[in-house]
Amino acid sequence: MPVKSMLRPRSLSRRPVNLCYTNGMKQELEAALAGCAQELFDAQVPVELTRPDEKFGDYATNVALQLAKQAGKPPREIADALAAKAKEKLGGKVSDVSVAEPGFLNLRLSDEALVSSMSTELTKSNEGRKVLLEYSCPNAFKELHTGHLYTTIAGDVLGRLLEASGAIVFRANFGGDVGLHVAKCLYGVVQEIGGEYPDKLKDIPKASRPEWVSAAYVAGAKAYEEDETAKAKITDINSQVYGFHESNDKTSGLAKIYWVCREWSYDYFKDFYEKIEVEPFDKYYPESSTIEPGSAVVNKHTGTVFEKSDGALIYRGQEAGLHTRVFVTSKGLPTYETKDLGVIFTEANDFAYDKRVLITGNDQTDYMKVVFAALGAIDRDLAAKQTHLTNGTVRFGSGQKMSSRLGNVSRAVDVIQTVNDTLASQNPGSDHYTTALAAIKYTFLKHRLGGDIAFDIDESVSLEGNSGPYLQYAHARARSILRKAGGEGGKIDSLEAGERTLARKISEFTEVVDKAVAELMPHYVCTYLYELAQIFNRFYENNRVIGDQRQDLRLVLVQKYADTLQAGLNLVGIASPDKM
RNA sequence: GCGCCCUUAGCUCAGUGGAUUAGAGCGUCUGUCUUCGGAACAGAAAGUCGUAGGUUCGAAUCCUACAGGGCGCACCA
């Protein structure tokens with residue numbers, strides 16, 4: 001495969017390739033219609049069903065318009081023929097197949113078929129596929145900020161989606177534990193404790209460690225800018241830290257401080273992930289561990305893939321329309337490029353993945369292309385397994401109004417704290433942490449992955465409208481009905497209008513998830529769940545369940561709805577308590 | 001300077017080749033209900049889909065140019 005094909009624009013790579021679905025009403029109807037086209041016109045066309053406005057039907061297709069050109073007949077004529085054939089072929093599955101100008105085909109499912117297609121059984125489109133997900137990726141010795149919160153939540157949900165589609169997911173976390181930021185931090189630490197006395201670290205209580213280390217970093221960074229002596233010292237510490245790894249130094253004063261503070265960082269990350277209720281990582285890849293494998297790869301391909309230029313080792317990406325980037329500096333130090341190659345190969349060894357999905361900020365788009373291009377020149381197969389997704393920058397405030405409570409503060413813990421406090425003040429006494437998490441996660445996840453996000457604290461904390469808490473409430477409400485009604489339920493034979501609208505929406509669930517999985521876009525699920533809850537709330541407003549003649553039937557619908565909403569919330573990592 | 005991304009209602013965003021009125025939420029205005037949990041529901045006002053061309057039976061969606069905004073362009077990560 002030529003290198004260029006790996007550099008295709010995201011809009012193309014998003015297209016799903018795997019079309020071997022096994023079940024589902026949509027797939028069944030598509031196959032049947034393709035069969036009709038084959039029989040009538042001897043034409044092979046991919047039939048794609050869409051969900052039109054309910055008044056037109058349950059599914060629609062423009063296949064007749066596509067066929068018109070091939071067959072050289074008016075689309076209307078083709079549509080009429082297809083409709084007649086489809087009715088005959090699909091029998092009891094559809095109650096109506098109609099044609100609309102200029103040649104759209106609309107299908108309406110029979111109530112029976114509609115009811116049977118309400119399912120939370122998902123398509124296993126990635127059965128057995130090994131997918132490595134790399135996300136979150138915070139630097140040790142620093143605090144987690146809002147960007148980390150976003151990428152962590154997004155990555156976690158992509159993992160859930162992939163797992164739901166049958167994939168075996170490996171969650172990897174690649175973060176910097178060497179480099180200038182570490183040296184700055186260590187400098188600050190040493191200043192704070194008055195020398196290279198690792199024993200003094202014992203005095204720092206566990207709970208305040210993250211902030212303490214962070215403060216040391218800030219002090220170190222300031223000294224680096226303002227004080228020449230400090231700057232020289234920090235530069236020296238920087239190379240010492242590399243030495244701690246090379247010589248496996250665990251005993252000298254500064255080395256001890258380094259290892260202890262590094263461990264504190266990893267503890268802090270793990271606590272944080274637990275706190276925001278995301279799946280734990282399978283493995284951490286500290287940057288220091290990727291230097292050796294990365295350098296080995298670069299050295300091996302020097303002269304072929306990489307070339308010397310001004311004393312540095314570079315990959316010349318210019319010919320492919322990319323940037324030329326340095327992999328090893330003229331001082332012989334590996335750059336992030338080399339470390340990235342190192343982690344790619346190490347992960348491949350550890351997990352033997354079929355696909356690797358990396359999620360980073362969108363400022364790394366062009367950079368990653370260069371790394372992948374270099375990788376492609378080394379190992380085409382491995383390069384073909386790489387996917388780079390980006391999450392946008394989190395902006396605060398919306399337009400004119402900045403949030404007075406958050407200002408520009410972007411620490412992840414502050415965001416959580418602020419949302420939690422706001423909820424607590426609005427609704428004292430109840431358990432609002434679950435609600436706070438739902439609010440935050442949903443705020444991030446409802447947007448299409450890739451674009452920047454305006455994080456408006458007031459909006460995300462809102463319990464109304466298109467929000468996580470609205471969905472949780474909509475779920476708890478349905479569960480409450482079910483509790484009150486007891487375990488009864490009945491059979492669904494025919495549906496009234498409001499019931500049918502709800503059933504129709506429920507039946508879309510698996511299709512929406514398929515799409516979210518195929519495109520690795522969680523927001524489709526969020527949008528769907530909100531629409532589902534909205535439709536239920538309308539139904540609920542207009543239709544009595546308990547005590548109604550149709551109680552038994554409606555309870556089945558409520559049950560299906562609650563299960564579907566719960567399954568969907570679970571997929572996007574949001575809790576669905578039965579009571580709030 | 002070169003490259004990539006973005007621009008849809010007052011604000012925040014869905015929609016990315018299909019159909020009569022381009023959809024939501026928030027905000028604004030007006031209602032519903034002696035509530036199977038009101039964190040609800042119904043309705044109204046609000047849009048030349050950045051601008052100008054082009055391709056197509058059909059364009060917010062594809063192409064070109066321009067404008068505005070963001071990001072990236074060798075020894076940082």
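Residue numbering restarts at 1 for every chain, and letters A, B, ... go by the order of the sequence lines.
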Point to revise | ring-ring contact (aromatic ring centres under 6.0 Å, His included) partners for A:Phe306, two or more places apart | key: A:Phe327
Check your understanding: Looking at the side chain of A:Ala100, which of B:rA19, B:rG15, B:rU12 is the nearest nucleotide?
Key -> B:rA19
Check your understanding: For A:Arg477 and B:rA40, is the shortest distance between a side-chain N/O and OP1 or OP2 below 4.0 Å?
Key -> no
Practice item. Give one of base, sugar-phosphate or nothing for A:Leu180, where a contact means two heavy atoms less than 4.0 Å apart. Key: nothing
Exercise for review: Start with the C-alpha distance between A:Val99 and A:Leu82, add both sets of side-chain angles, then the distance that settles side chain to side chain contact (heavy atoms under 4.5 Å, CB included), and finish with yes or no.
Suggested key: CA-CA 9 Å; A:Val99 176; A:Leu82 274 175; over 6 Å; no
Review point. Under 4.0 Å between a side-chain N or O of A:Arg395 and OP1 or OP2 of B:rC13?
Key: yes
Check your understanding: When we call it a touch if two heavy atoms are under 4.0 Å apart, what does A:Ala476 touch: a base, just sugar-phosphate, or nothing?
Key -> base
Check your understanding: Which part of the nucleic acid, if any, lies within reach of A:Lys55 when heavy atoms closer than 4.0 Å are counted: base, sugar-phosphate only, or nothing?
Key -> base
**Study point:** Ionic contact status for A:Asp578 with A:Arg477, cut-off 4.0 Å
**Key:** no
Exercise for review: Round to a whole Å and report the spacing from CD1 of A:Ile535 to P of B:rG23.
Suggested key: 15 Å
Under-3.5 Å N/O pairs linking protein and nucleotides 31-36 of chain B:
from: B:rC36; atom 1: OP1; to: A:Arg544; atom 2: NH1; distance (Å): 3.2
from: B:rC36; atom 1: O4'; to: A:Arg544; atom 2: NH2; distance (Å): 3.1
from: B:rC36; atom 1: O3'; to: A:Lys484; atom 2: NZ; distance (Å): 3.1
from: B:rC36; atom 1: O2; to: A:Ile546; atom 2: N; distance (Å): 3.0
from: B:rC36; atom 1: N3; to: A:Val545; atom 2: N; distance (Å): 3.1
from: B:rC36; atom 1: N4; to: A:Tyr540; atom 2: O; distance (Å): 2.6
from: B:rC36; atom 1: N4; to: A:Asn543; atom 2: O; distance (Å): 2.7

Review point. Which part of the nucleic acid, if any, lies within contact of A:Glu287, taking any heavy atom under 4.0 Å across all strands shown: a base, the sugar-phosphate backbone alone, or nothing?
Key: sugar-phosphate
Check your understanding: For residues A:Asn391 and A:Tyr135, is any side-chain donor paired with an opposing acceptor at under 3.5 Å?
Key -> no
Review point. Between A:Pro334 and A:Thr61, which has a closest nucleotide on RNA chain B that is more 5'?
Key: A:Thr61
Review point. Do A:His245 and A:Tyr258 meet the criterion of a side-chain donor-acceptor pair at a distance under 3.5 Å?
Key: yes
Practice item. Would you mind reading off the distance between A:Arg538 atom CZ and B:rA24 atom C1', rounded to a whole angstrom? Key: 10 Å
Point to revise | Rounded C1' spacing from B:rG18 to B:rG58 in Å | key: 7 Å
Practice item. Inspect the surroundings of CD in A:Glu101 and state if more than 12 heavy atoms from other residues, nucleotides or ligands are less than 6.0 Å away. Key: yes
**Study point:** Nearest-Å distance for atom pair NZ/P, residues A:Lys231 and B:rC76
**Key:** 12 Å
Check your understanding: Using the benzene-type ring in the case of Trp, are the ring centres of A:His301 and A:Tyr315 under 6.0 Å apart?
Key -> no
Check your understanding: Whole-Å distance between B:rA77 P and A:Phe141 CZ?
Key -> 15 Å
Revision key, fill the gap. Separation of B:rA24 atom P from A:Lys505 atom NZ, nearest Å, is 12 Å
Check your understanding: Could one point to a donor on the side chain of A:Lys515 or the base of B:rU16 with an acceptor on the other under 3.5 Å away?
Key -> no
Practice item. Please list all pairs passing the salt bridge (charged side-chain N to carboxylate O under 4.0 Å, His left out) test where one or both residues lie in residues 175-187 of chain A, with sequence neighbours left out. Key: A:Asp177-A:Arg262
Exercise for review: Measure the distance from CG on A:Asp340 to P on B:rC76 and round it to the nearest whole Å.
Suggested key: 16 Å
Exercise for review: For nucleotides B:rC5 and B:rC41, find the distance between their C1' atoms and express it as a whole number of Å.
Suggested key: 40 Å
Review point. Using a distance-only test with no angle check, is there a side-chain donor-acceptor pair under 3.5 angstrom linking A:His388 and A:Thr365?
Key: no
Point to revise | Between P of B:rA77 and CG of A:Asp177, the distance in whole Å | key: 12 Å
Review point. Which whole number of Å gives the distance between the P atom of B:rU16 and that of B:rC6?
Key: 14 Å
Practice item. Would you classify A:Asn537 as touching base, sugar-phosphate or nothing, given that sugar-phosphate means primed atoms plus P, OP1 and OP2, and contacts are heavy atoms under 4.0 Å? Key: sugar-phosphate
Check your understanding: With rounding to whole Å, what would you report as the distance between B:rG53 and B:rA39 at their C1' atoms?
Key -> 50 Å
Practice item. Select one nucleotide: of B:rC41, B:rA14, B:rA77, the one nearest the side-chain heavy atoms of A:Tyr336. Key: B:rA77
Exercise for review: Return the value, rounded to whole Å, for the distance between atom CD of A:Glu508 and atom C1' of B:rG15.
Suggested key: 14 Å
Check your understanding: Which way is the base of B:rA45 turned, syn or anti, if we draw the line at 90° from 0?
Key -> anti
**Study point:** Test: A:Arg51 cationic atom under 6.0 Å from A:Tyr59 six-membered ring centre, within 45° of axis
**Key:** yes
Point to revise | Rounded P spacing from B:rG10 to B:rG47 in Å | key: 7 Å
Point to revise | First of A:Lys579 and A:Gln534 reached from the 5' end of RNA chain B, by closest nucleotide | key: A:Gln534
Review point. OP1, OP2 of B:rC41 versus side-chain N and O of A:Tyr470: anything below 4.0 Å?
Key: yes
Between the protein and nucleotides 70-74 of chain B, which nitrogen or oxygen pairs are less than 3.5 angstrom apart?
from: B:rA74; atom 1: N6; to: A:Ser309; atom 2: OG; distance (Å): 3.2

Exercise for review: Determine, for A:Arg325 against A:Glu337, whether the closest basic-nitrogen to carboxylate-oxygen distance falls under 4.0 angstrom.
Suggested key: yes
Practice item. Look at all strands and tell whether A:His523 reaches a base, only sugar-phosphate, or nothing, counting heavy atoms closer than 4.0 Å. Key: sugar-phosphate
Exercise for review: Under 4.0 Å between any heavy atoms, over every strand shown, what does A:Ala68 touch: base, sugar-phosphate, or nothing? Just pick one.
Suggested key: nothing
Review point. Got a sec: does the CD of A:Gln240 have more than 12 other heavy atoms crowding it under 6.0 Å?
Key: yes
Exercise for review: Answer with yes or no after comparing the ring centroid distance for A:Tyr217 and A:Phe141 against a 6.0 Å cut-off, counting only values under it.
Suggested key: no
**Study point:** Involving RNA chain B, stems made of at least three consecutive Watson-Crick or G-U pairs, both distances under 3.5 Å
**Key:** B:1-7 with B:67-73, B:10-13 with B:23-26, B:28-32 with B:40-44, B:50-54 with B:62-66
Check your understanding: Which is true for A:Ser330 with a 4.0 Å heavy-atom rule: it touches a base, it touches only sugar-phosphate, or it touches nothing?
Key -> base
Review point. Under 3.5 Å, is there an N or O donor on one side and an acceptor on the other linking the side chain of A:Asn106 and the base of B:rA19?
Key: yes
Point to revise | Separation between the C1' atoms of B:rA19 and B:rG27, rounded to whole Å | key: 32 Å
Point to revise | Pairs involving residues 534-551 of chain A, ordered by first then second residue, that meet salt bridge (charged side-chain N to carboxylate O under 4.0 Å, His left out) (sequence neighbours left out) | key: A:Glu496-A:Arg550, A:Glu499-A:Arg550, A:Asp548-A:Arg554
